[in-house]
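Presented below is the structure to which this report refers.
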2 protein chains.
Amino acid sequence: MQNVFAPHDHASCTQSALTTVERACAERGLRLTPVRKRTLEILLEGHHALGAYDVLQKLSDDGLADKPPMAYRALNFLVEHGFAHRVERLNAYVACAHPDADHTPALWICSDCHKVAETAQAAELGQRLGQDGGFSINTLTIEAEGSCQQCRGESSND
Amino acid sequence: MQNVFAPHDHASCTQSALTTVERACAERGLRLTPVRKRTLEILLEGHHALGAYDVLQKLSDDGLADKPPMAYRALNFLVEHGFAHRVERLNAYVACAHPDADHTPALWICSDCHKVAETAQAAELGQRLGQDGGFSINTLTIEAEGSCQQCRGESSND
DNA sequence: TGTATAAATGTTATGTTATAACATATCAAT
DNA sequence: ATTGATATGTTATAACATAACATTTATACA
Ligand SMILES: [Zn+2]
Ligand SMILES: [Zn+2]
Ligand SMILES: [Zn+2]
Ligand SMILES: [Zn+2]
């Protein structure tokens, strides 16, 4: 599972995600406006899921947005284009760990350090599950809550 | 996938679920009080997910409950004991299709007829997914939204 | 049977998450 | 420059959920 639970060079982790998204926007003709970019940066600060109102507070601190629809619009933009994911179990949002690829992630939520990791193998799996019943999947949510290896081994990691 | 999408004898479907839950409560020393039982009946009326406030409205019509905590308590009781499931993607609740077994369901939400089916194979699957990364799962959410076979074949089925 | 304890219900108030609706501004293309 | 599309600003409210505390009802057992 993901490096995101383990110690890693988070500055370059952030930077690379940001660069990838910037490039993707350029390629696809999407506008990564100041609020949107800052929203992504906020989500990238840790590998934690943030609620829309947490994000809004931070945007407000920066003078970029101060009303709920502004935060929701930025978050929805990021989610629609695969640059962030919504965590249904938490009603919260997390930056995507590989924003280049089109993917349906499985999300791994550690209840100890509260980080959220993602892996990619969800789609095929859903297809397989749905096949028996002839169910045709549009979107698939896979979210596990539990504890990551680091938190089980160590004291705390938040 | 589940008979619940296909035409079936829903009266006996409901009756058997209700009987199963009654027996389970008796065995486990749980109290299926009037609000709780009625809440289950409400969820069993169709195979649809209902929001807490939808349930509350119906409880209120019956004179059984008229304030949010009352509905939430009944719903939480049912969910805690596996007699109903919470649908995270819909912030809604659905009666369990096989309330006898201890299980982690995968939920199948048809965007056309709005019925919700469940299958049971989720748990092992999560374990397998989590194993690579050493993630230890407490609870697993698997929810697919799409269209059921009936709705793809026929005009409408709601 | 009375009394202690726990479980369930009743009630008020409020917290949290999310969107509808409409006005204004900015961008991009002709 | 004009236009049409996209993005932002703003108000108001909808939808979902729980904290906290009072009261009642069930259960256990002295
Ligand atoms: Zn990182
Ligand atoms: Zn992702
Ligand atoms: Zn049925
Ligand atoms: Zn079930």
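The chains referred to below are lettered A, B, ... by the order of the sequence lines, with proteins before strands, and numbering in each begins at 1.
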**OP:** For A/R36 and A/E22, run salt bridge (Lys or Arg N to Asp or Glu O under 4.0 Å): C-alpha distance rounded to whole Å, both residues' side-chain angles, the deciding distance at 0.1 Å, then the answer.
**Re:** CA-CA 11 Å; A/R36 290 168 176 179; A/E22 277 166 343; over 6 Å; no
**OP:** Would you check, one step at a time, whether the test side-chain contact (heavy atoms from CB on, under 4.5 Å) holds for B/C113 with B/Q150?
**Re:** CA-CA 9 Å; B/C113 69; B/Q150 284 71 20; over 6 Å; no
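Across the protein-nucleic acid pair, B/L56 atom CG and D/dA15 atom P stand 14 Å apart, rounded to whole Å. Separating the CZ atom of B/R31 from the C1' atom of C/dA8 is a distance of 6 Å, rounded to the nearest angstrom. If you take CZ of A/R28 and P of D/dT6, they are 17 Å apart, rounded to a whole angstrom. Per the geometry, CG belonging to A/L75 stands 12 Å off P belonging to D/dT8, to the nearest Å. In this structure, A/L30 places its CG atom 11 Å from P of D/dT6, rounding to the nearest Å. Atom P of nucleotide C/dA7 and atom CZ of B/F77 are separated by 13 Å, given to the nearest angstrom. Between the P atom of D/dT25 and the CG atom of B/L32 lies a distance of 19 Å, rounded to the nearest Å. In this entry the distance linking CD of B/E88 with C1' of D/dA15 reads 16 Å, nearest Å.
Of the candidate nucleotides C/dA18, D/dA17, C/dT19, C/dA18 has the atom lying nearest to any side-chain atom of A/A52. The A/Y53 side chain lies nearest to C/dA18 when the options are C/dA7, C/dA18, D/dT18. Candidate nucleotides C/dT11, D/dT10, D/dA17 were compared by shortest atom distance to the side chain of A/R73, and D/dT10 ranks first.
Looking only at side-chain heavy atoms (C-beta outward), B/L32 and B/F77 come within less than 4.5 Å of each other. Within the 4.5 Å cutoff, the side chain of B/V94 has no heavy atoms near those of the B/L43 side chain. By the 4.5 Å heavy-atom criterion applied to side chains, A/Y53 and A/P68 are counted as neighbours. Counting only heavy atoms from C-beta outward, the side chains of B/Y93 and B/L78 never approach each other to under 4.5 Å. Residues A/V21 and A/T19 are not in side-chain contact: their nearest non-hydrogen atoms beyond the backbone lie 4.5 Å or more apart.
Residue B/R86 has no polar side-chain atom (N or O) positioned under 4.0 Å from OP1 or OP2 of D/dC16. Of the side-chain N and O atoms in A/Y72, one or more sit less than 4.0 angstrom from OP1 or OP2 of C/dA18. Listed pair B/Y93 / D/dA17 meets the phosphate criterion, a side-chain N or O lying under 4.0 Å from OP1 or OP2.
Of the residues listed (B/E143, B/E88, B/R89), the one engaging A/T141 in a side chain to side chain donor-acceptor pair (under 3.5 Å) is B/R89, and it is the only one.
For A/H47 and A/H10, the ring centers sit closer than 6.0 Å to each other.
Contacts with DNA chain C (heavy atom under 4.0 Å) in residues 58-71 of chain A: A/P68, A/P69, listed by number. The stretch residues 33-41 of chain B comes close to DNA chain C through B/T33, B/V35, B/R36, each having a heavy atom under 4.0 Å from the strand.
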